[in-house]
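Take a look at the structure set out below.
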Amino acid sequence: ERVIAVSYEGLMEMQEVYLFSLYKELGIDSTHVPSFRDGNEKYTTNANLANLDKKELEHERQQQQIKLDLRPPKPQSYPPPPPKESLLPEKLISVIGSTFLSTTIAVAAGAFPSEGRWIEKDTSSSFDAGSVGGHKENELVFEDSVRRTATSLNGDWEIQHLALPQGWKCNANDHVADLVEALVPEECFRVESSLTMPKDPMVLEKCHNEVNIAEDSTSWTCGAKCGAGKYDGYALYPQRFSVNITSHIEWYLSRGVDIRVVLSMRDRTISSRGKQKGHCHLADVGKREDDVALSLMADAIEKYGKRGSLAEDVNGKERVIAVSYEGLMEMQEVYLFSLYKELGIDSTHVPSFRDGNEKYTTNANLANLDKKELEHERQQQQIKLDLRPPKPQSYPPPPPKESLLPEKLISVIGSTFLSTTIAVAAGAFPSEGRWIEKDTSSSFDAGSVGGHKENELVFEDSVRRTATSLNGDWEIQHLALPQGWKCNANDHVADLVEALVPEECFRVESSLTMPKDPMVLEKCHNEVNIAEDSTSWTCGAKCGAGKYDGYALYPQRFSVNITSHIEWYLSRGVDIRVVLSMRDRTISSRGKQKGHCHLADVGKREDDVALSLMADAIEKYGKRGSLAEDVNGKERVIAVS
């Protein structure tokens, strides 16, 4: 896997669990844990439609009207569903968190109609009665999303939606929701406070004998409290509870069900605000429940996630797949089709993507942080300053590299937090930062940083260009899309280049200088194969000519084609991996406007190009991409989302 997509929001939420999984994926042996500071919080507020522009509001209204127009008419009576051959499905996908995702997957698997459905509401087995309310027993109600379960007509697929916690609204008497072992097939569960017998007397017998839910069993567990007496065969649930994801997986595996769990990870601040508006308005109770949910997800990832301790069973399947809500909204069908492949679903279903985060986002404002967060922010800044090493009187030149081409290269797209964290973990960058000699002739950020004299000593607390480990094995390269100087009103969109070459071999075309060491250009020419007269090799950007032959010359602002960047390094024998840091697009755009491109129309065009480049890289070199696994069996693109 050459391209790895990483979720910024997932990283902020799961922290070291997510990070250590990424280290394993990259082959880095480290336990380095950075200081996690969520840069999204200052952009988030309570939901407010005023945060949407007029076009988005109109689009929202149109989508709602389309859904109403497509709704099938209410039937006069509800025909009972055909009896299932087995109450245990062959393949079960439990989706944690997002009803958008559970519904999309269910439609793709042929388990739910895209226009929604009318169902007979059975309040005795309803976990959401306290939050929905108002329905009479067995009343016909309309479902436009999968909030419980949906089963394909052939019975092969069952899609199950799970919330953490599940059930009725919280109340002031709750410390935290109860914890249960598993969420059993819906025919076999009941809410303990509203018990009824099933219409079909054979159902309880099937639950007892086939699903192995029995109060007198010494070999099987019930998933929750075992029903007794005439309710033997039921699993009985409290009104509000959380499911232990790890034991949920093991409960179904022990019964021969091919279970996969999809964890939908979303910006925690936004998720919490949505929860307070919906089913738990009590902030302290909600916070405790969220902490339990994160702990349950972390345990599941550590055991059954990619490279987890129990990750691959005899069928070679990962049981837990972490999906970024923000990445899904950003990459849309590219991300979704990759997930379908991972789940074994053959579908091209594309839902209507509507980013539920936008109404929570504003321009950056420290007033969005509470007093504790503000104080923590100040403390972290002071700690960084206290740990900064003193400025040296002179800058000793770094030891010469054996080769300008590293053995292993990790190009991190987007996040300097992630490029720095990975560089520290790989022994390529000191955790306290470093003083370096600034060379403005090869600086892509001169237009945005500015003010530095040629070869002035400047302090770096993050990896914005490259960092190399002392043994030369690892090189960490930071890439922005686009890279370089601030945008200006004359730009239509940043230029596109083939690759970002080793930093010794690049120059900004508008500020050319010769290297201090005359051997560098010779190495760039002969070893890195950057040569204007070559018919076999490309330069990565414009080839330098004459005395600058050996340099790749870059414009002041440009974007790198990630796919060709990978291929440029692979052709030179470098083991390259690309980490895509995916972040909420609205927040990312607001940060960009505040920083290096205040022109919204130019920034929007550049963002569209960036998404296209990332999508192409994921389709070719991401997990299950067309070129994903080379002779070394590596995915080259890792999308962190």
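- Between Ala423 and Val463 the shortest heavy-atom distance is CB-CG2, 3.8 Å.
- Smallest separation of non-hydrogen atoms from Ile476 and Ala428: CG1-CB, 4.2 Å.
- Met614 is listed as a side-chain neighbour of Leu481, based on a closest heavy-atom distance under 4.5 Å.
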Point to revise | side chain to side chain contact (heavy atoms under 4.5 Å, CB included) assessment of Val412 paired with Leu479 | key: CA-CA 6 Å; Val412 180; Leu479 264 172; over 6 Å; no
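- Side chains of His565 and Gln477: a donor on one and an acceptor on the other come within 3.5 Å.
- Going from atom CG of Asn529 over to atom OG1 of Thr538 covers 9.5 Å, rounded to the nearest 0.5 Å.
- Nearest approach of Tyr335 to Ala322, heavy atoms of both residues: OH-O, 4.3 Å.
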Practice item. Could you check Val574 against Trp568 for side chain to side chain contact (heavy atoms under 4.5 Å, CB included), going step by step and ending with a plain yes or no? Key: CA-CA 9 Å; Val574 176; Trp568 194 90; over 6 Å; no
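- Counting heavy atoms from C-beta on, the side chains of Leu339 and Val323 come closer than 4.5 Å.
- Using modelled atom types, no side-chain atom of Ser338 and backbone atom of Val334 make a donor-acceptor pair closer than 3.5 Å.
- Contact annotation: the side chain of Val262 approaches that of Leu101 to within less than 4.5 Å [non-hydrogen atoms, C-beta and beyond].
- Residues passing the ring pair (Phe, Tyr, Trp, His ring centres under 6.0 Å) test with Phe429, sequence neighbours excluded: none.
- For the pair Pro555 and Lys542, the minimum side-chain heavy-atom distance is 4.5 Å or more.
- Judged by distance alone, the side chain of Ser612 and the main-chain N or O of Asp608 form no donor-acceptor pair under 3.5 Å.
- Note: Asp616 CG to Glu619 CD = 6.5 Å, rounded to the nearest 0.5 Å.
- For the pair Lys486 and Cys597, the minimum side-chain heavy-atom distance is 4.5 Å or more.
- Distance SG/Cys543 to CD1/Ile530: 8.0 Å, rounded to 0.5 Å.
- Between Val520 and Glu504, the shortest heavy-atom contact is CG1-O, 3.7 Å.
- One finds the CZ atom of Arg434 at 11.0 Å from the CG atom of Asp461 (value rounded to the nearest 0.5 Å).
- For the salt bridge (charged side-chain N to carboxylate O under 4.0 Å, His left out) test, no residue two or more places apart in sequence or in another chain qualifies with Arg605.
- Note that the OG atom of Ser564 and the CG atom of Leu613 stand 8.5 Å from one another [nearest 0.5 Å].
- In this structure, Glu460 does not pair ionically with Arg465, as no charged nitrogen and carboxylate oxygen lie closer than 4.0 Å.
- Counting only heavy atoms from C-beta outward, the side chains of Ile576 and Ser411 approach each other to under 4.5 Å.
- Ring geometry, Phe558 versus Tyr554: the interplanar angle falls from 30° to 60°, so the pair is classed tilted.
- For Ser581 (side chain) and Ile413 (main-chain N/O), no donor-acceptor pair under 3.5 Å exists by modelled atom type.
- With Asp549 contributing its side chain and Glu532 its backbone, the two residues share a donor-acceptor pair below 3.5 Å.
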Exercise for review: Take Gln332 and Phe337 through the side chain to side chain contact (heavy atoms under 4.5 Å, CB included) test and state the conclusion after the steps.
Suggested key: CA-CA 9 Å; Gln332 299 193 355; Phe337 290 169; over 6 Å; no
Review point. Hey, mind stepping through Val602 and Val493 against side chain to side chain contact (heavy atoms under 4.5 Å, CB included) and telling me if it holds?
Key: CA-CA 6 Å; Val602 176; Val493 73; over 6 Å; no
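- Here the straight-line distance linking atom CG of Leu521 with atom CZ of Arg507 works out to 8.0 Å at 0.5 Å rounding.
- Listed by chain and number, the residues in a salt bridge (charged side-chain N to carboxylate O under 4.0 Å, His left out) with Lys523 amount to none (sequence neighbours excluded).
- The side-chain heavy atoms of Gln556 and Glu509, taken from C-beta on, include no pair separated by under 4.5 Å.
- Side-chain atoms of Tyr569 do not come within 3.5 Å of backbone N or O of Ala499 as any donor-acceptor pair.
- The two atoms that bring Gly540 and Val497 nearest to each other are O-CB, 3.7 Å, heavy atoms only.
- With hydrogens and angles ignored, the 3.5 Å screen pairs a side-chain donor or acceptor of Arg572 with a backbone N or O of Val528.
- Checking side-chain atoms of Trp474 against main-chain N and O of Ile410 turns up no donor-acceptor pair under 3.5 Å.
- Looking at Glu567 and Tyr621, their side chains do bring a donor and an acceptor atom within 3.5 Å of each other.
- The side-chain heavy atoms of Ile321 and Leu263, taken from C-beta on, include no pair separated by under 4.5 Å.
- Tested against Thr466 for a side chain to side chain donor-acceptor pair (under 3.5 Å), the candidates Glu475, His478, Glu503 yield a single pass: Glu503.
- Nearest heavy atom pair, residue Leu496 against residue Val560, reads CD1-C, 4.3 Å.
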